[in-house]
Amino acid sequence: MKTATLAIIVQGDWVLLGRKKTGEIGSQTFNGPGGKCEEGESPIDCIIRETKEEMGIKLDPRHLEKVAVITFYFAEVPAFEVHVFRTDVWSGTPSETKEMSPVWYRTNALPLSQMLESDREWFFKAVKGEKFRANVYYKEKAANLEKIEFFPF
């Protein structure tokens, strides 16, 4: 199972999402920045690196709050353990990169129809800062959602 990360970057009633331009999962959908951890890399170091690469901004590790750990299963096999961090502190200006096009959305107007199917179920919880663990079951690689199980963090 691979370890990955996702950042929820908020500013008041707004959340920073990006349309993914690349990647094996979720290309052309909206999500926060993040990705797979490199060998020996901690989830904190990974989310800082990925956010810089994907949106051109730097996160402050002192202000990252882990709000969720989600295990994604593809065809009943655990594929990814995603550590979700929330923050309202960063430096720099979000900018388009070869990987993502950043867009601010009001938290009550998220582009759910343009997000991965499971994200429609859990993403808003993370935006609000709710802490949880979840198991997400897809029949195929990030396709045909079967169910989501939520647990206390």
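All values derive from a computational prediction rather than experimental measurement.
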CD1 on Ile8 to CZ on Arg86, rounded to 0.5 Å: 8.5 Å

N/O donor-acceptor pair under 3.5 Å between Glu54 side chain and Gly34 backbone: yes

Non-hydrogen side-chain atoms of Met55 and Ser95 separated by less than 4.5 Å: no

Any donor-acceptor N/O pair, Arg19 side chain to Gln28 backbone, under 3.5 Å: yes

Leu6 reachable from Phe30 in the ILVMFWY side-chain graph, under 4.5 Å edges: yes

NZ on Lys36 to CD on Glu39, rounded to 0.5 Å: 14.5 Å

Ala4 to Phe80 - nearest heavy-atom pair and separation: CB-CD2, 4.2 Å

Where Ala126 and Val84 come nearest, the two heavy atoms and their spacing: CB-CG1, 4.2 Å

Under 3.5 Å: donor-acceptor pair, side chain of Lys128, backbone of Thr107: no

Polar side-chain atom of Arg120 near backbone of Leu112 as donor-acceptor pair, under 3.5 Å: yes

Distance-minimising heavy-atom pair for Ile47 and Thr5: CD1-OG1, 3.4 Å

Check: Pro33 main-chain N/O paired with Thr51 side-chain donor or acceptor under 3.5 Å: no

Asn108 and Asp13: side chain donor to acceptor below 3.5 Å: no

Check: Thr29 main-chain N/O paired with Gln114 side-chain donor or acceptor under 3.5 Å: no

Among Glu41, Lys58, Glu53, side chain to side chain contact (heavy atoms under 4.5 Å, CB included) partner for Ile48: Lys58

Within residues 127-151 or reaching into it, pairs that qualify as ring-ring contact (aromatic ring centres under 6.0 Å, His included) - sequence neighbours excluded: Tyr73-Tyr137, Phe132-Phe150

Joint hydrophobic cluster, Ile9 plus Val127, side-chain heavy atoms closer than 4.5 Å: no

Exercise: identify the closest heavy-atom pair between Thr71 and Pro78: CG2-CB, 4.2 Å

Heavy-atom closest pair, residues Val10 and Trp104: C-CZ3, 4.4 Å

NZ (Lys139) with more than 12 external heavy atoms under 6.0 Å: no

Parallel, tilted or perpendicular: rings of Phe85 and His83 (30°, 60°): parallel

Joint cluster assignment, Val69 & Phe74, ILVMFWY side-chain distance < 4.5 Å: no

Shared hydrophobic cluster for Met115 and Tyr105 (ILVMFWY, side-chain gaps under 4.5 Å): yes

